[in-house]
Amino acid sequence: MPKTYSHNSRNKMIDLKLLQKDFDTLSTKLARKGVDASLMQNLQTKNEELRAAKQVFEALQASQNAMSKEFGVYKREGKDVSQLKAKVDANKIEITTALDIQRERQEELEKMAMAIPNIPDDSVPDGADEEDNIEIGKILTPKEFSFTPKEHWELAEENGWIDFERGVKLATSRFSVSFGMGARLERALINFMLDFNRERGFEEVSVPALVNRAALEGTGQLPKFEDDLYKMDGQELFLIPTAEVPVTNLYQDEILVSDELPKKMTAYTSCFRKEAGAAGRDTRGMIRQHQFHKVELVAIVKPEENAKVFDEMVSCASDILTALELPHRLVNLCTGDLGFGAAHTTDIEVWLPGQNQYREISSISNTRDFQARRAKIRYKDGKKNSFVNTLNGSSLAVGRTLVAIMENNQNEDGSIDIPDVLKPYLGM
RNA sequence: GGAUCUUUGGCAGAGUUGGUCGAAUGCACCGGUCUUGAAAACCGGCGAGGGUUACACCUCCCAGAGUUCGAAUCUCUGAGGGUCCA
């Protein structure tokens, strides 16, 4: 008897029950994220085929089990089993083929379903790209300069804070090296952000920078975005693109007890991204690097706590910028700019006077139960088990915060004022 | 790197002469009795996923493969953990 195939992976994707029950609503909603109607149709068909195959298999398995039980009785009573054995043997052959069919359909279905993005909330505006994002609000007013403000790379080089050439020498393009006050400011920012987050109730965790495939599938980076990840040679290990991956997956495949929730965590890590598809964008400076520092917020919550904690996270990130006296604005991402796993996302964009525009410095995403399904993170609520909701957001991207400080706090002579809240961290 | 042991339900922990084990027991949890209330005590319930109107039924005792009519229990491979040796 071949070992049967585990069906535990069935929920590692979109809600197939919902697909069965309310195909139209689901496919309409996903169409806003560019999921083709025919793909949804295929998915539904495949799901029905799988269900049919399972029924066949399970019926055969049931009779197999019954006959085996009978076999034991025969043996005990000393009866002849040769006829029964012939029946069982015949049934076994059928089972093997039924199992193969089922397994094949299971794999096809999973492959399709794992590539389907999260369902966008109704509150997410339609749109193609960042141009269609909706501004929610502005915090602090950009100050007027009596001179033309420089861009950060000029300031960074003038002050000797960042060396872009030597980063390239050590690694390749899109790597940089920080020196002196540049390096110290990065460290100060990391400590400041972690302390700030901790005071807001987020427990600090320190996590691996390498994770396995299961973790990346859990949070949705895999299987679809393997090209964006650095992979270890000959091993199923990847450099993390964000701390969201290890921190969220801390509770992968666990059933949490209700009063452990919400779990609010913060972690500092380096992040590694290939930036495939970003060729030519932000090639100068440290806006878009292959390796960057980031302090992340992650929350694992019950569905009813979701909105409250999400707001806390947005406030936390925004308030850090306010504490640093950096003008910024909040933006509601449109469908076209929304990430794979997000139901809705609020971006925080910081004002960069050198570039004369707002640029993303934080992204706070609500994945609802999308990651929880894939990573199998559940909680016990009274008698029944339910999927948790997961939230994540940067607070903040360190390099970009440094960029913002340089551009906003620059003086005509090229010197840069240090924000007051960072001074204790610099022994000033 | 070599040897050896180990991997069970939310947790701890029984269960290897293969069949009535999806799995004792304790804790935790849920419901109840008692109590002004709580605790304690007592009674009852209680692994997960799929499936069904509800049953039935199927799967899961680290993962994969195998032996067998039948595997948590036997064999092989891999992964994690412990101990000893290097």
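Lettering of chains follows the sequences in order, A, B, ..., and the numbering in each one begins at 1.
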Between rA72(B) and rG22(B), how far is it from one C1' atom to the other, in whole Å? 10 Å

When Val257(A) and Val88(A) are each assigned the nearest nucleotide of RNA chain B, the 5'-most assignment goes to Val257(A)

Candidates rG47(B), rC58(B), rC69(B) - which lies nearest the side chain of Lys380(A): rG47(B)

Picking from rC57(B), rU59(B), rG49(B), the nucleotide nearest the side-chain atoms of Arg378(A) would be rG49(B)

Can you tell me the pairing partner of rC27(B) across any strand shown, Watson-Crick or G-U wobble, with both distances under 3.5 angstrom? rG10(B)

Could you give the CG-to-P distance, from Asn91(A) to rC58(B), as a whole number of Å? 12 Å

May I ask you to check whether Gln55(A) and Arg51(A) show a side-chain donor-acceptor distance below 3.5 Å? no

Expressed in whole Å, how much space separates the P atoms belonging to rU4(B) and rC11(B)? 31 Å

Can you tell me if Gln64(A) and Asn91(A) form a side-chain donor-acceptor pair at under 3.5 Å? yes

For rC60(B), give the paired nucleotide (Watson-Crick: N1-N3 plus N6-O4 or O6-N4; G-U: N1-O2 and O6-N3; both under 3.5 Å), or none. rG47(B)

Would you please confirm or rule out a distance under 4.0 Å between OP1 or OP2 of rU59(B) and any side-chain N or O of Gln61(A)? yes

Determine whether a donor-acceptor pair (N or O, by modelled atom type, separation under 3.5 Å) exists between the side chain of Glu305(A) and the backbone of Lys302(A). yes

Just checking Asn385(A): base, sugar-phosphate only, or nothing, at a heavy-atom cut-off of under 4.0 Å? sugar-phosphate

Do Asn191(A) and Tyr268(A) pair up side chain to side chain, a donor and an acceptor below 3.5 Å, judged on atom types alone? no

Distance between the P atoms of rG70(B) and rC58(B), in whole angstroms? 15 Å

Rounded to whole Å, the CD-P distance (Gln102(A) to rC57(B)) equals 18 Å

Does the structure show a Watson-Crick or G-U wobble partner for rU75(B), both distances under 3.5 Å? Name it, or say none. rA65(B)

What is the distance from CD of Glu94(A) to P of rC69(B), rounded to the nearest Å? 17 Å

Which nucleotide wins on minimum distance to the side chain of Arg103(A), given the candidates rA65(B), rC57(B), rA48(B)? rA65(B)

For a 4.5 angstrom cut-off between non-hydrogen side-chain atoms, does Ile418(A) reach Met428(A)? yes

If I take atom CD in residue Gln106(A) and atom P in nucleotide rU59(B), what distance separates them, rounded to the nearest angstrom? 15 Å

Measure from CD on Gln252(A) to P on rC62(B) and round the result to the nearest Å. 17 Å

Is the closest side-chain heavy-atom distance between Glu349(A) and Leu330(A) below 4.5 Å? no

Please pick, from rG50(B), rG70(B), rA48(B), the nucleotide with the shortest atom-to-atom distance to any side-chain atom of Gln64(A). rG70(B)

With side-chain contact (heavy atoms from CB on, under 4.5 Å) as the test, pick out the partner of Leu43(A) among Leu30(A), Ile116(A), Val35(A). Ile116(A)

If pairing means Watson-Crick or G-U wobble with both distances under 3.5 Å, then the partner of rC84(B) is rG2(B)

Between rG26(B) and rA14(B), how far is it from one C1' atom to the other, in whole Å? 11 Å

rG82(B) and rU25(B), which share atom name C1', separated by this distance in whole Å: 25 Å

Separation of atom CD in Glu48(A) from atom C1' in rG51(B), rounded to whole Å: 13 Å

Table of protein N/O atoms under 3.5 Å from nucleotides 52-55 of chain B N/O atoms:
unit_1	atom_1	unit_2	atom_2	d
rU52(B)	OP1	Arg51(A)	NH2	3.3

Between rA23(B) and rG18(B) - C1' atom distance, rounded Å: 15 Å

To the nearest Å, how far apart are Ile255(A) CD1 and rA28(B) P? 19 Å

First of Lys85(A) and Asn65(A) reached from the 5' end of RNA chain B, by closest nucleotide: Asn65(A)

Between Glu275(A) and Arg288(A), is there a salt bridge with N-O shorter than 4.0 Å? yes

Using a cutoff of under 3.5 Å, can you pull out all pairs of nitrogen or oxygen atoms linking the protein to nucleotides 19-22 of chain B, with atom names and distances?
unit_1	atom_1	unit_2	atom_2	d
rG19(B)	N2	Ser68(A)	O	2.7

Do we see a donor-acceptor contact under 3.5 Å between the side chains of Asn306(A) and Asn389(A)? yes

Aromatic rings His290(A) and Phe175(A): how do their planes relate, parallel, tilted or perpendicular, breaks at 30° and 60°? tilted

Does a donor on one side chain sit under 3.5 Å from an acceptor on the other, for Asn392(A) and Ser365(A)? no

For the side chain of Lys92(A), counting heavy atoms from C-beta on, which of rC69(B), rC58(B), rG10(B) is nearest? rC69(B)

Quiz question: by atom type and distance under 3.5 Å, do the side chains of Gln371(A) and Thr219(A) form a donor-acceptor pair? no

Using the P atom on both, measure rA71(B) against rU20(B) and round to a whole Å. 10 Å

P atoms of rA79(B) and rG64(B), separation to the nearest Å: 15 Å

Taking CG from Asp253(A) and C1' from rG10(B), how many angstroms apart are they, rounded to a whole number? 12 Å

